Amino acid sequence: MTSLTELGLMSKPTICELVTECSYFMVHPNLWIRQAVAGFISISAKALSLLDLFRRLEATGMNETVEEYLLRMEHHLKKIHKHKMNADARHNKQKEGKIELNSPSNLAKSHVFNLGDNLKGDFMSNRVLHRTNTYGSIETNVNSEWNYSSEVLTRQSESTNSGGPSSRSTSSRPSSPPAEGHNQFVSGDPSSNISLHERSYIQYRRSNCYIELANLKNKQQEHYFEALRSKEWEDQATWRPQLPVPGWRLKGRLVAHLHEHRGAINKLCALPDTPLFASCSADGSVRLWDCAKLEGRTIANRSKQQYKMASGSCINSMSVCEGGQSLATVCQDGTINILRVDSASNKMNLVQSRQLNADEDGFAVDVNCLDSGSQSVVVYATLYGCLVGWDLRAPGIAWRLENGLKRGLITTFCMDPHHSWLTLGTSSGYHTTWDLRFQLPITTIEHPSAGARIRKVVSHPTEHSWVLSSVQGNNEISIWNIETGFRQSVLWGSTAPPLSKTGSTNSVCAMLSGYNDNVPFVLAGGTDQRLRFWNLENPAGSYLAIPAASDPSGIKLMYHNRLIDGTQVAYEELGETKQKDECRTGPEPPPAGHKDCISDVVLCKASKCFLITSSRDGVIKIWR
């Protein structure tokens, strides 16, 4: 019909009849039908002239008498139209987030509460309260005229008695304001000028709406102060010194070799705004180190503090909590310990501990912390597929998310910097993202290689909805968009054909993402004992930062980028090895690289920025 009308193949009476019949479909639930009818009516309006419109109005009953009535109502119709336009304007402002309360037409009474006021007192102190006796009878409110006269009588009695107490009878309980002697009942403060005998039978009550308003105000005030604390915490995080510092580049120069642990080191944590970092090991100990001592001429670099678990159980993971004042550790025997870092002592103190149920949870496999102002929630993942939040300020658990074992065991998880979502990886190659605000799963992503174990996940340094995930084999790191489920790019740290199912068995176990000089990067180390610097913006700028101890001297790796099956892949190629021709007079120095799998990597800053790596043989190496 739209096409026929537009071509002028339909008569005007037919168009008018069709518009009348089709106008009812403007409220049809089907969107396509509504759009088709709207298109037909708009084309019909172009095809009909003004004269046709007047004829149509006459056909519907529009005559000279009706026109005269409308002209007489002109003034009222304009007022109604003006009021409607003002109402629409106010409604549009409310849609924009603005509520106009000072409008002259707004006659509703309102109360203004200052949420920034710390005094949570009575916000209607001038309101006259109800008065009841012990028998439950409620007396009427005292009106404003009686309140005024009582103040006059009070001043007269004070001037007559020269400040002495006024005499009044306490034997009777009147149900209405007396003429004199009982003016104290109308005071704004219920406890003022009332004898002890009267307090025994007088009760002051408020209406339910008054109590609900007071509770609403207190609740909104708590939310307001919580928002202020969160904003202060975000401001502090924004102005916190950036790591690494601008202009920093890893030169691969070994500064210190630390070997006090007697087991594999599982996690490293740098304490914010300090030159301290902590390490936990399978030998059941936590040690605190000071990078500032490495800048002097100190020969023996020993740990500053240490704590040995009473059970000696393996410590699986560790995280900084309570603003860098404490460390949360999870052990393989099911215990979760909170250790307080005391700079004035040579050992850490155990402040809180929790034992998990072996049948319900097993033990914790990874831990992180939600630190926002005064709130500190330790989040740990259990062996049997649960994510649990433990608020250190209260007993019990804050929340619990059931991920289940259908998609494999949880191996690792990470949280975004704004603490809005959490992404976990499983042993079967699945990524699940949970919304921490609503505590609901929002997306699940499966790796193309079915059954590929997820070794590590970290958040992207610049894209807040992206995560970097390392899987078993070929040192592969995939960058996923959790909003769309699309794999943005792949970092392939192997000489095997990119995205192939076979090849090297090496995998990335440690990742550190960062942003320096407007370049996002990730430092990755794993079972091949090498540490690679991946340039996420320009993959050709990636390089081998620290070679393995078993690598030949002068090894060189080249990195290229190409599109494979719709995915950008940065892959590695072996370059020419540089041979040193100069003759050395002394013995060859030992290689500086790791001799076992790199388990973790962090950055720590004293007067200079240091890179710290750990390995499964209990060795910590510090680089610059």
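The model shown is predicted, which means the values in this text are computed figures rather than measured ones.
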Looking only at heavy atoms, what is the nearest atom pair of [X] and [Y], with distance?
| X | Y | value |
| --- | --- | --- |
| Leu531 | Gly525 | CD1-N, 3.9 Å |
| Ala358 | Tyr384 | O-CE1, 3.6 Å |
| Cys280 | Ser317 | SG-C, 4.2 Å |
| Val471 | Ala452 | CB-CB, 4.4 Å |
| Pro547 | Ile555 | CB-CG2, 4.1 Å |
| Pro448 | Lys501 | O-NZ, 3.7 Å |

* Would you verify whether the NZ or CZ of Arg562 falls within 45 degrees of the ring axis of Tyr571 while also being under 6.0 Å from that six-membered ring's centre? =>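 So Arg562 does make the cation-pi contact.
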* **NZ or CZ of Arg354 within 45° of Trp390 ring axis and under 6.0 Å** => yes
* To do: If the plane angle is over 60° it's perpendicular, under 30° parallel, otherwise tilted; pick one for Trp289 and Phe277.
  => parallel
* Asked: Taking the six-membered ring for Trp, are Phe521 and Phe533 parallel (under 30°), tilted (30 to 60°) or perpendicular (over 60°)?
  ->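 Plane angle under 30°, so parallel.
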* Run the side chain to side chain donor-acceptor pair (under 3.5 Å) check on Asp391 and Trp399 step by step: do they pass? -> CA-CA 9 Å; Asp391 193 338; Trp399 43 265; over 6 Å; no
Ignoring hydrogens and angles, state whether a donor on the side chain of [X] or [Y] is under 3.5 Å from an acceptor on the partner side chain.
| X | Y | answer |
| --- | --- | --- |
| Thr527 | Asn506 | yes |
| Ser469 | Trp480 | no |
| Asn368 | Ser319 | no |
| Arg455 | Ser470 | no |
| Ser615 | Ser599 | no |
| Ser326 | Arg340 | yes |
| Asp528 | Asn475 | yes |

Judged by atom type as modelled, is there a donor-acceptor pair below 3.5 Å linking the side chain of [X] to the main-chain atoms of [Y]?
| X | Y | answer |
| --- | --- | --- |
| His460 | Thr462 | yes |
| Asp435 | Gln439 | no |
| Thr412 | Lys456 | no |
| Asn474 | Ser494 | no |
| Thr423 | Thr433 | no |
| Gln355 | Asp333 | yes |
| Ser513 | Val522 | no |
| Asp416 | Leu422 | no |

How about [X]: does its [atom1] atom have over 12 heavy atoms from other parts shown lying under 6.0 Å from it?
| X | atom1 | value |
| --- | --- | --- |
| Lys308 | NZ | yes |
| Arg400 | CZ | yes |
| Asp565 | CG | no |

* Stepwise, does the salt bridge (Lys or Arg N to Asp or Glu O under 4.0 Å) test hold for Arg407 with Glu446? -> CA-CA 9 Å; Arg407 295 184 174 93; Glu446 183 183 6; over 6 Å; no
* Take Asp617 and Lys595 through the test salt bridge (Lys or Arg N to Asp or Glu O under 4.0 Å) and record every step on the way to the result. => CA-CA 8 Å; Asp617 56 0; Lys595 297 182 179 180; over 6 Å; no
* Candidate pair Ile410 and Thr382, rule side-chain contact (heavy atoms from CB on, under 4.5 Å), full reasoning -> CA-CA 7 Å; Ile410 299 177; Thr382 65; over 6 Å; no
May I ask you to test the [X]-[Y] pair for a side-chain heavy-atom distance under 4.5 Å?
| X | Y | result |
| --- | --- | --- |
| Arg249 | Lys251 | no |
| Leu383 | Asp361 | no |
| Ile612 | Cys291 | yes |
| Val601 | Leu611 | yes |
| Lys556 | Glu573 | no |
| Asn481 | Ser465 | yes |
| Val286 | Asn337 | no |
| Val467 | Val458 | no |

* Asked: Does the separation of the ring centres of Tyr559 and Trp534 fall below 6.0 angstrom?
  -> yes
Please list every donor-acceptor pair under 3.5 Å in which a side-chain atom of residues 261-268 meets a protein atom from a residue at least two apart or in another chain.
residue, atom, partner, partner atom, Å
His261, ND1, Ser285, OG, 3.3
His261, NE2, Ser279, OG, 2.8
Arg262, NH1, Glu260, O, 3.1
Asn266, OD1, Arg616, NH1, 2.7
Asn266, ND2, Ile315, O, 2.7
Lys267, NZ, Met318, O, 3.1

* Which is it for Thr444 and Tyr430 under the side-chain contact (heavy atoms from CB on, under 4.5 Å) test, yes or no, and what are the steps along the way? -> CA-CA 7 Å; Thr444 299; Tyr430 285 90; 3.9 Å; yes
* To do: Give the C-alpha distance, both sets of side-chain angles, the deciding distance and a yes or no for side-chain contact (heavy atoms from CB on, under 4.5 Å) between Gln305 and Lys347.
  => CA-CA 5 Å; Gln305 296 179 15; Lys347 65 177 182 179; 5.5 Å; no
* Pair Asp283 + Arg287: basic N to acidic O under 4.0 Å -> no
Roughly how far, to the nearest 0.5 Å, is [atom2] of [Y] from [atom1] of [X]?
| X | Y | atom1 | atom2 | answer |
| --- | --- | --- | --- | --- |
| Leu499 | Ser449 | CG | OG | 8.5 Å |
| Leu339 | Asn349 | CG | CG | 8.5 Å |
| Cys414 | Met511 | SG | CE | 8.5 Å |
| Tyr307 | Leu288 | OH | CG | 15.0 Å |
| Thr411 | Leu424 | OG1 | CG | 8.0 Å |

* Of the options His431, Gln472, Glu476, which is the one that meets His447 in a side chain to side chain donor-acceptor pair (under 3.5 Å)? -> Glu476
* Candidate pair Asp371 and Ser376, rule side chain to side chain donor-acceptor pair (under 3.5 Å), full reasoning -> CA-CA 5 Å; Asp371 241 341; Ser376 186; 3.3 Å; yes
* Step by step, would you call Cys597 with Gln529 a side-chain contact (heavy atoms from CB on, under 4.5 Å)? -> CA-CA 5 Å; Cys597 170; Gln529 306 153 25; 5.7 Å; no
